[in-house]
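Everything on this sheet refers to the single structure shown next.
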Amino acid sequence: MNDLTMDKIVSLCKRRGFVFPSSEIYGGLGSTYDYGHYGVLLKTNVKNAWWQAMLGRDDIVALDSAILQHPRVWEASGHVGGFSDPMVDCRTCKARFRADHIESMACGRKPSRKPGEGGECDLTEARQFNLMFKTTIGPVEETGSTVYLRPETAQGIFINFKNVLQFSRKKPPFGIAQVGKSFRNEITPGNFVFRTREFEQMEMEFFVPPAEAGRWFEHWVAERYRWYTDLGIRAENLVVRAHGADELSHYSSGTSDLEYRYPIGWSELEGIANRGDFDLKAHATASGEKLEYVDTATGERYVPHVIEPAAGVDRATLAFLCDAYAEEEVADGVRVVLRLHPRLAPVKVAVLPLVKKDGQPEVARALYDTLRSRMQAEYDEGGSVGKRYRRQDEIGTPWCVTIDHQSLEDGTATLRDRDTLEQVRVAIADIPAMLTERLAAR
Ligand code: ATP
């Protein structure tokens, strides 16, 4: 872990088709990225694992709200007034820094120093910078046509509270979960997909009777921690850090971050906040709608409090990649391997004929066809088998099946394990059921 650098992750991602810098043929657009085939598969598996953790319970329902919402949503939520970071510019080197991050940043001319420390530095006063992207509805820009790209998915949930309550027949405690893109005009994006201006979030708002908020907050901090460790993140790389009173957002009466030890140091992976009744009350006041729960049996009515686990898909994907990355001395050099949890691995199994003749490709293809209806599988017949193993190790494929001359004689093949490098001879006919079982067991 110690010698893992972000550069190694970036280069593996590019080399193996996980993530590419965006608009590359036009010289690139800073801090925007495109996910390639394996990146899409990995990211989709991360999102699916999150959905499973949410919808596997019977007290959470799903939502997919619009990215463009009524501008008053963002006034009521406090984003138009308050969603800003203090920003400092250097008149000399033209670099821009977040005023609250200066301690950990490097001067634009002398990276060994902090901004302001070099003799030539000429920093402006800190200015507030609103992080929301603006656009306009309709073909002409006119007053009243300004809308924002949502900077978080959460508000889409609050404004649908009444709709969901009516159809879902749920009563607090219950949650609404959503996954989708969010946009923030970050002042200092960077560190690969850790901080970008367009990113995906996985957020769940859990509505509870006010008296139960503390207990549910603890519950969700523990649940979310366990989700990451169950999917392979090592406990020594993940901590819960409670926010101090001076760090709390305007809406929060308690927040804990899950911090991951990225190659750039400990940084926020997910935030779990006790938002109290701030959001529902703010939208009720601004919209005139009653956003409360009424118990029809007892007549009791109250505004639920909200516990929010808010995770970033890209930051989670990056954490899983970093935690899985290993370099190992093997007989013929150093092997790079992604020890991804099999549930997250983009490809579960690769089928490789040892040679491209003697009927081996046909047997391999037949097995591949059976396997791919059950799990993400790959068929690869190009190059030496060693190189093909290397490639599968680097994309994190847990199992490889090699078909050789013996396969045609006795119907067996070699099953290679990514982590132990153990190779065992198994009956080809047993492989689909065996791997399906192994995947389900994890
Ligand atoms: P930070 O302090 O790093 O800016 P934040 O506290 O503003 O993050 P939240 O508003 O709590 O972040 O958003 C919830 C989650 O969304 C974060 O924990 C992170 O995983 C993800 N996220 C937020 N901003 C970005 C971004 N610019 N790029 C990628 N992911 C992000």
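In this chain, numbering begins with 1 at the start of the sequence shown. Order of listing sets the numbers, starting from 1, for every ligand and every atom in it.
For Glu152, the closest heavy-atom approach to ligand 1 does not fall below 4.0 Å.
At the top of the distance list for atom 22 (N) of ligand 1, counting protein heavy atoms only, stands Phe199 CE1, 3.5 Å. Regarding atom 6 (O) of ligand 1, its nearest protein heavy-atom neighbour is Glu268 OE1, 3.1 Å. Of the protein's non-hydrogen atoms, the one nearest atom 28 (N) of ligand 1 is Thr196 N, 3.1 Å. The nearest protein atom to atom 21 (C) of ligand 1, hydrogens excluded, is given as Gly312 CA, 3.7 Å; this is a heavy-atom distance. Protein heavy atom in closest approach to atom 15 (C) of ligand 1: Ala310 O, 3.7 Å. In terms of protein heavy atoms, atom 7 (O) of ligand 1 is closest to Arg184 NH1, 3.0 Å. The protein heavy atom nearest to atom 1 (P) of ligand 1 is Arg195 NH1, 3.6 Å. Nearest non-hydrogen protein atom to atom 29 (C) of ligand 1 is Phe194 O, 3.1 Å.
Taking the six-membered ring for Trp, Phe206 and Phe174 have ring centres at least 6.0 Å apart. Aromatic ring centroids of Tyr33 and Phe192 lie under 6.0 Å apart. In this structure, Tyr260 has its ring center under 6.0 Å from that of Tyr262.
Those atoms of ligand 1 with a heavy atom of Glu186 less than 4.0 angstrom away are 24 (N), 26 (C), 27 (N). Counting atoms of ligand 1 from 1 in the listed order, those under 4.0 Å from a heavy atom of Glu270 are 18 (O).
Cation-pi geometry between Lys43 and Tyr35 is met: under 6.0 angstrom from the ring centre, within 45 degrees of the axis.
Residue-to-ligand polar distances place Leu269 within reach of ligand 1: an N/O pair is separated by less than 3.5 Å. In terms of polar-atom proximity, defined here as any N/O pair under 3.5 Å, Gln201 does make such a contact with ligand 1.
The pair Arg301-Asp295 does not count as a salt bridge, with every side-chain nitrogen at least 4.0 angstrom from each carboxylate oxygen. Between Asp59 and Lys170 there is no salt bridge, since no side-chain N of the basic residue sits under 4.0 Å from a carboxylate O of the acidic one.
No side-chain donor from either of Thr32 and Glu198 sits under 3.5 Å from a side-chain acceptor of the other. Side-chain polar atoms of Asp417 and Thr420 form a donor-acceptor pair below 3.5 angstrom.
With a 4.0 Å heavy-atom cut-off, ligand 1 is reached by the side chain of Arg98 but not by its N, CA, C or O.
Between Tyr379 and Tyr368, the two ring planes are tilted [angle within 30° to 60°].
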